[in-house]
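Below, read A as the first sequence line, B as the second, and so on, with proteins coming before strands; counting in each chain starts at 1.
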There are 2 protein chains.
Amino acid sequence: MEIEPKLCKVEDALGILVGKWKPIILLNLMKEGTQRFSELQRNLPGITQKMLTKQLRELEDEDIIKRVVYPQVPPKVEYSITEYGKTIEPILADMHEWGMKHTQHKQQKAQREVKSVSF
Amino acid sequence: MEIEPKLCKVEDALGILVGKWKPIILLNLMKEGTQRFSELQRNLPGITQKMLTKQLRELEDEDIIKRVVYPQVPPKVEYSITEYGKTIEPILADMHEWGMKHTQHKQQKAQREVKSVSF
DNA sequence: CAGTATCCCCTTAGATACTG
DNA sequence: CAGTATCTAAGGGGATACTG
């Protein structure tokens, strides 16, 4: 690999994904496609309006998602992944895969530790 | 791709990398190999002892790095990437690559915005 | 419906000083 | 050398109420 630590851009990519709700928001939009604000809120149990708004704005600022406002009453706002945003999908997929293996790894480690102290 | 959002393990992988110094610590250990506490501190300008200790402990807890204490005076402690820890290297590489493209993307976007308001 | 505006808590991270 | 311990500031995130 050989990434020169001084020139490291990992943080830049990380910054997009960091935020309690960002990965799950992205996965939702990627899987379900375009959604309204209220739909997203329904699909993200526990998120508050404030947090949903904030995370969406940040993702929008990075060009990962697109926000379309329909000038009508009551308001209608739709969110979707941009073409550019789709380029981050493989990274999410890899992280998901690694995360699954890591869950396993930790379970195995925990098992070993239990055995070594039991008698 | 199709990650089921409810079963998403992205957060688990993300948790390993999140922390102001973790990516750079990992890249240093991956590139330079085994290093002592003081070497790491030298290679990470600006980090405090407290932060370095904390991030190292967290990475150690996740089995990503290994800590070896030599019982001598003055103390000598060496840190290195575990075999298991190396499995996260491709993800760092991908994030670095994506991060470089993202930097470009943002610059191009900024250029377009400057042009559209100039005359 | 799709947000703002407040208030509040907790965690993260930095600065600094101390120790086996 | 390789850490702890303590204090503090800043920000992330939650609960709740209000609005065009």
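Taking atom CD1 on B/Ile24 and atom C1' on C/dA13, their separation rounds to 17 Å, with Å as the unit. Rounded to a whole Å, the CD atom of B/Glu78 is 13 Å from the C1' atom of D/dC1. Atom CG in B/Leu52 sits roughly 16 Å away from atom C1' in C/dA15 (whole-Å rounding). Across the protein-nucleic acid pair, A/Glu39 atom CD and C/dC1 atom C1' stand 12 Å apart, rounded to whole Å.
Here the side chains of A/Leu52 and A/Thr48 are not in contact, with every heavy-atom distance at 4.5 Å or above.
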Which atoms of nucleotides 12-16 of chain D (N or O only) lie under 3.5 Å from a protein N or O atom, and what are those distances?
{"residue": "D/dG13", "atom": "OP1", "partner": "A/Lys20", "partner atom": "N", "Å": "2.9"}
{"residue": "D/dG14", "atom": "OP1", "partner": "A/Lys20", "partner atom": "NZ", "Å": "2.3"}
{"residue": "D/dG14", "atom": "OP2", "partner": "A/Trp21", "partner atom": "NE1", "Å": "3.2"}
{"residue": "D/dG14", "atom": "N7", "partner": "A/Lys50", "partner atom": "NZ", "Å": "3.3"}
{"residue": "D/dG14", "atom": "O6", "partner": "A/Lys50", "partner atom": "NZ", "Å": "2.2"}

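Not one side-chain nitrogen or oxygen of A/Arg42 sits closer than 4.0 Å to the OP1 or OP2 atom of C/dC1. Phosphate proximity of D/dC1 to B/Tyr79: absent, as no side-chain N or O sits under 4.0 Å from OP1 or OP2. Checking the phosphate oxygens (OP1, OP2) of D/dA2, no side-chain nitrogen or oxygen of B/Arg57 falls inside 4.0 Å. Contact between the side-chain N/O atoms of B/Arg36 and the OP1/OP2 oxygens of D/dA2 is found at a separation under 4.0 Å.
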> Under the side chain to side chain contact (heavy atoms under 4.5 Å, CB included) criterion, do A/Val77 and A/Arg67 qualify, and how do the steps go?
Replying inline: CA-CA 7 Å; A/Val77 180; A/Arg67 177 171 179 267; 3.7 Å; yes
> Taking it one step at a time, do B/Glu58 and B/Lys22 satisfy salt bridge (charged side-chain N to carboxylate O under 4.0 Å, His left out)?
Replying inline: CA-CA 9 Å; B/Glu58 289 174 9; B/Lys22 287 197 190 136; 2.6 Å; yes
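Applying side chain to side chain donor-acceptor pair (under 3.5 Å) to A/Asn43 and the options A/Glu32, A/Gln35, A/Lys31 leaves one that passes, A/Gln35.
By the 4.5 Å side-chain criterion applied to Ile, Leu, Val, Met, Phe, Trp and Tyr, A/Val73 is assigned to no cluster and stands alone. Under the 4.5 angstrom side-chain criterion for Ile, Leu, Val, Met, Phe, Trp and Tyr, the cluster partners of B/Val68 are B/Tyr70.
Listed in residue order, the members of residues 63-73 of chain B having a heavy atom less than 4.0 Å from DNA chain D are B/Arg67.
Interatomic distance, A/Ile3 CD1 to B/Met95 CE, rounded to the nearest 0.5 Å: 10.0 Å.
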> Dot-bracket for DNA chain C, 5' to 3', with Watson-Crick and G-U pairs under 3.5 Å, [ ] for crossing pairs and | for other-strand pairs: what is it?
Replying inline: ||||||||||||||||||||
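A salt bridge does not link A/Arg42 to A/Glu39: none of the charged side-chain nitrogens sits closer than 4.0 Å to a carboxylate oxygen. The pair A/Glu78-A/Lys66 does not meet the salt-bridge criterion, since no charged nitrogen lies less than 4.0 angstrom from a carboxylate oxygen. In this structure, B/Lys106 pairs ionically with A/Glu62, as a charged nitrogen and a carboxylate oxygen lie closer than 4.0 Å.
For residues 86-108 of chain B, the set of pairs meeting the ring pair (Phe, Tyr, Trp, His ring centres under 6.0 Å) definition, not counting sequence neighbours, comprises A/Tyr84-B/Trp98, A/Tyr84-B/His102, A/Tyr84-B/His105, B/Trp98-B/His102.
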